[in-house]
Amino acid sequence: MQSNFKGKHFISLQDWAKDEIDTLLEVSMEMKRNFAMGVPTPHLLYKTIFLMFFEQSTRTRNSMEAGIAQLGGHGTFLDTSTTQIAHGEVAKDTAVILSRYGHGIACRNCGWGVGNSYIREIEKWSTVPVMNLQCDLYHPMQGIADLMTMREKTGDLRGTRVSIIWAYATSHKKPISVPLTQVLLFPRYGLDVTLAYPEGYDLPVWAVEQAGANAGLHGGKVKITHNMEEAYRDAQFVIPKNWGSWVTDQSDEVNDELLESNKGWKCTEEMIKLADKDVMYMHALPADRNNEVDDSVIDGPRSIVYDEAENRLHTAKAVMTLTMGGK
Amino acid sequence: MQSNFKGKHFISLQDWAKDEIDTLLEVSMEMKRNFAMGVPTPHLLYKTIFLMFFEQSTRTRNSMEAGIAQLGGHGTFLDTSTTQIAHGEVAKDTAVILSRYGHGIACRNCGWGVGNSYIREIEKWSTVPVMNLQCDLYHPMQGIADLMTMREKTGDLRGTRVSIIWAYATSHKKPISVPLTQVLLFPRYGLDVTLAYPEGYDLPVWAVEQAGANAGLHGGKVKITHNMEEAYRDAQFVIPKNWGSWVTDQSDEVNDELLESNKGWKCTEEMIKLADKDVMYMHALPADRNNEVDDSVIDGPRSIVYDEAENRLHTAKAVMTLTMGGK
Amino acid sequence: MQSNFKGKHFISLQDWAKDEIDTLLEVSMEMKRNFAMGVPTPHLLYKTIFLMFFEQSTRTRNSMEAGIAQLGGHGTFLDTSTTQIAHGEVAKDTAVILSRYGHGIACRNCGWGVGNSYIREIEKWSTVPVMNLQCDLYHPMQGIADLMTMREKTGDLRGTRVSIIWAYATSHKKPISVPLTQVLLFPRYGLDVTLAYPEGYDLPVWAVEQAGANAGLHGGKVKITHNMEEAYRDAQFVIPKNWGSWVTDQSDEVNDELLESNKGWKCTEEMIKLADKDVMYMHALPADRNNEVDDSVIDGPRSIVYDEAENRLHTAKAVMTLTMGGK
């Protein structure tokens with residue numbers, strides 16, 4: 001077991017070795033047990049983290065802000081409307097000064113072609129651990145919570161069939177960071193991953209190649225299909241979720257024609273019936289109800305979305321404790 | 001004395017038995033004494049509560065956020081501009097997930113015909129105590145602070161004459177939740193309540209009936225009048241405050257004609273002279289100065305508005321400690 | 001040494017005796033050493049302070065909010081968009097009620113002709129210490145951090161040559177509070193102060209007179225010049241920073257003609273070469289890069305802006321601990 005996490009950044013799980021992720025999962029489970037028992041965990045007593053949000057958030061903010069408070073510390077919520085951040089203040093200044101003032105920096109910045117660069121610039125100048133709360137490419141906090149949830153439900157993940165499936169939504173052009181993180185991470189735990197989407201919604205080539213390499217190294221599989229039914233068939237976990245066509249069209253516009261021609265990509269009762277009889281439905285939330293998924297599925301017996309959402313708290317506390325506390 | 005408060009919701013004081021409210025008042029007094037002496041009260045150490053606000057607030061937010069911090073815990077301030085709450089996220093999702101992340105949920109939502117339903121929906125799905133920070137119908141945090149203040153000033157409340165009086169204001173169409181809460185609560189403590197307002201500003205029939213029933217059970221009295229002077233005459237406490245004509249006109253519009261014809265409903269020195277010589281003037285604040293009340297009254301010797309406001313802190317801490325802590 | 005700070009307001013350093021400021025600097029250094037060593041400093045355990053901001057802020061907010069958390073307490077961030085403060089609530093009500101709810105009140109209000117009056121009105125009614133986080137006239141948190149930084153760099157400050165120099169900027173009409181605070185404070189520590197600005201950017205006459213009186217009492221010097229090069233020549237510290245022409249023109253408008261005719265007032269490499277070979281460049285941040293200062297200067301070897309910024313944390317913690325804690 002790896003024990004030297006202090007100061008480690010958490011930008012992409014790809015930067016974390018598998019035994020480091022193993023430890024992170026173990027600590028997350030321990031956090032969860034202690035929370036369930038009401039055992040205090042003041043591991044970061046009087047320590048402070050800055051939570052910078054360039055976009056709105058419910059789960060991510062609350063899991064971090066409640067999480068650090070339950071660890072005995074404090075998170076300062078900084079949105080771009082009430083600070084000088086993102087109004088001309090250069091990332092270097094922000095990174096150096098927040099490093100001097102506290103013990104960690106966490107940031108959500110999903111701007112396409114901007115978010116990850118911003119966080120990497122913060123990482124470059126920070127002297128405290130930097131945590132990615134979702135950027136245009138990665139959402140490691142969601143990825144680790146998803147992995148934890150699947151392990152809780154099935155035990156050994158090797159050979160488990162999971163399908164990451166594009167779904168129709170109208171709300172806004174969503175980042176590719178959730179499916180990209182999942183397709184990179186799951187093969188490292190030996191999962192049999194199917195990535196399904198309509199043509200035009202490809203993930204970046206480098207990511208698919210890296211996913212394949214991860215599968216080769218760790219015994220998982222990665223398959224791509226444009227056939228939705230194939231993706232549902234016999235799956236043990238399905239994760240239907242919208243993402244935008246950023247790779248070919250980098251505008252903020254939802255690409256209406258392409259999008260509207262794929263209205264059929266919806267998680268319905270019929271699709272669920274194609275899957276394994278014990279299939280579990282997952283979603284990072286908030287779901288675009290009645291577009292991405294029928295209410296009867298997300299509110300039904302196969303849905304584990306609330307267990308998945310809860311694990312955001314325990315994994316966030318584990319990440320903070322390992323990187324900001326530690327020996 | 002009732003000692004099993006853990007997990008109890010605090011939506012309307014009508015849901016709390018009288019001996020439960022007695023305990024709440026005792027705990028509030030104890031909180032106040034400890035605060036005055038500087039004795040720490042870390043009863044909710046490392047515990048977290050979510051504070052959701054659909055409307056702006058000063059006293060309510062600060063009493064809750066400072067209160068939980070003084071109890072050793074943390075309140076996350078969630079306003080609707082910086083979260084996904086109230087932007088398509090269903091109440092069930094909010095309730096279940098916030099329940100999983102922390103130890104309490106508090107909410108202000110004053111939308112007419114919407115607020116109480118929203119909080120009851122949160123209550124339905126929450127597994128942690130839900131606290132009403134004001135809705136379209138109830139403001140129990142204000143009600144209990146008012147009761148505490150009156151008891152501090154007079155000792156035994158039985159037979160004490162209190163007048164809840166409508167007042168003219170131009171700022172916005174205010175909820176009926178403050179007078180409605182008071183008229184339900186005060187008769188349970190044996191108070192002799194006069195409710196005075198111009199025709200057209202009736203409270204809902206069910207509330208007036210319930211107030212009468214409460215009076216019958218507990219020895220109080222409830223009288224309604226449309227004569228302002230009658231309400232001031234010989235009163236020991238006066239609570240002149242504006243509310244909107246929601247019952248007949250459910251639009252957000254201030255009903256100008258009706259409102260303007262009642263400009264004379266103002267708490268002036270002359271009105272105060274009609275009252276008991278030791279009368280005390282109360283207001284939940286912020287007051288619409290020079291419309292609801294003359295400066296010389298609210299800033300004068302009969303005003304106890306700051307003592308009333310302060311008790312919001314101690315009662316909030318008592319509610320949180322009893323419902324979120326406990327055995 | 002003075003030990004009776006409890007309840008003392010921190011509006012202007014001019015209100016603090018020199019031995020009080022000495023103690024403040026000593027406590028700031030102790031805070032910094034403990035922070036560096038990871039020694040906990042829960043001096044304000046479970047205590048609360050309200051942080052009212054009428055303008056955006058990064059350093060000030062974060063140094064206060066992280067600072068109070070590191071002291072074991074909690075700061076409630078109140079901006080004017082999410083509270084009733086500044087929307088008709090009178091300062092007296094705010095001051096009395098926040099005093100009743102917590103242990104300190106801090107406020108930034110830079111409105112010209114308004115800010116200091118507002119904070120003095122808060123001070124008048126508050127029963128807890130009031131801290132000025134920058135007003136139209138003073139920025140004592142910045143002043144004390146600057147003094148601490150210079151002392152760390154040079155040891156004994158007596159006779160040290162510091163130049164406070166106006167600089168061109170386009171961002172907005174900036175307050176005079178930083179240079180005004182510096183020109184009042186530095187002579188009290190025996191510094192040899194040069195204040196340089198183009199004609200039309202005078203500080204108020206009373207402030208210059210007070211600065212001279214401070215120099216006379218404590219052995220410092222104050223000289224005014226309108227020659228930029230003279231101010232840089234042989235200086236050991238230079239603090240080039242923009243401020244608006246508030247004294248003659250009290251509108252919010254940047255006075256374009258006067259401003260544009262002074263574009264040459266910029267801190268360049270050439271100017272730095274005129275100064276002492278070990279000169280140090282300071283700025284309160286955020287700098288208006290390429291207008292106030294060349295990147296090569298602010299990012300270069302003579303710049304100590306991050307050390308200066310960091311000291312905002314330690315001095316803020318010292319001010320809070322002395323005034324809110326104490327015997």
Side-chain angles (χ1 to χ4, degrees), chain B residues 32 34-36 38-45 51 53 55-82 169-172 283 285-291 295 298-299 303 305-314 316-317, chain C residues 6-7 42-53 61 64-66 68-107 121-122 124-128 320 324-327:
Chain B
K32 191 170 188 174
N34 283 327
F35 190 67
V39 174
T41 51
H43 304 320
L44 298 176
L45 203 54
L51 310 175
F53 284 85
E55 289 92 19
Q56 292 185 339
S57 162
T58 303
R59 266 151 301 282
T60 299
R61 174 184 172 185
N62 287 321
S63 60
M64 291 294 289
E65 191 171 334
I68 183 72
Q70 291 161 13
L71 293 167
H74 177 72
T76 298
F77 172 69
L78 302 171
D79 79 324
T80 49
S81 71
T82 53
T170 57
S171 39
H172 67 281
H283 194 290
L285 302 184
D288 191 340
R289 281 167 178 257
N290 301 313
N291 284 315
D295 278 350
I298 194 171
D299 296 326
S303 175
V305 293
Y306 295 133
D307 295 333
E308 183 186 4
E310 178 181 334
N311 284 338
R312 293 293 308 276
L313 176 71
H314 310 301
K317 287 161 77 171
Chain C
K6 184 151 197 170
H43 305 320
L44 299 177
L45 204 55
Y46 314 129
K47 294 198 176 176
T48 53
I49 182 169
F50 299 99
L51 310 174
M52 291 195 285
F53 284 85
R61 175 185 170 185
M64 292 294 289
E65 191 172 334
I68 184 71
Q70 291 161 14
L71 293 168
H74 177 72
T76 298
F77 172 69
L78 301 172
D79 79 324
T80 49
S81 72
T82 52
T83 60
Q84 291 162 336
I85 289 163
H87 295 284
E89 184 165 298
V90 295
K92 179 187 169 189
D93 283 6
T94 304
V96 173
I97 293 170
L98 295 184
S99 293
R100 300 282 190 110
Y101 284 3
H103 307 85
I105 299 173
C107 182
E121 183 74 7
I122 294 287
K124 180 178 167 188
W125 295 104
S126 177
T127 55
V128 296
M320 288 189 278
M324 292 167 60
K327 59 171 190 174

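- B/Q70 contributes atom CD, which lies 5.0 Å from atom NE2 of C/H103 (distance to the nearest 0.5 angstrom).
- The choice from B/A309, B/G72, B/G67 that makes the most heavy-atom pairs within less than 4.5 Å of chain C is B/A309.
- Note that the NZ atom of B/K317 and the OH atom of C/Y101 stand 11.5 Å from one another [nearest 0.5 Å].
- Interface summary for chain C: among B/D288, B/I68, B/D299, B/V305, the most heavy-atom pairs under 4.5 angstrom belong to B/D299.
- Contact annotation for B/H74: only side-chain heavy atoms (C-beta onward) come within less than 4.5 Å of a heavy atom of chain C.
- Atom NE2 in B/H314 sits 8.0 Å away from atom CZ in C/R100 (nearest 0.5 Å).
- Residue C/K47: no heavy atom, backbone or side chain, is found under 4.5 Å from chain B.
- Of the residues C/T48, C/T94, C/L78, C/I97, the one that meets the side chain to side chain contact (heavy atoms under 4.5 Å, CB included) test with B/N62 is C/L78.
- Counting only heavy atoms from C-beta outward, the side chains of C/D93 and B/R289 approach each other to under 4.5 Å.
- Looking at B/L45, the atoms closer than 4.5 Å to chain C (heavy atoms on both sides) all sit in the side chain, from C-beta outward.
- When all heavy atoms of C/F50 and B/A66 are compared, the closest pair comes out as CZ-CB, 3.9 Å.
- Heavy-atom pairs under 4.5 Å with chain C peak, among B/G73, B/A69, B/P40, B/G75, at B/A69.
- You'll find the side chain of C/V96 stays beyond 4.5 Å of the side chain of B/E310, heavy atoms only.
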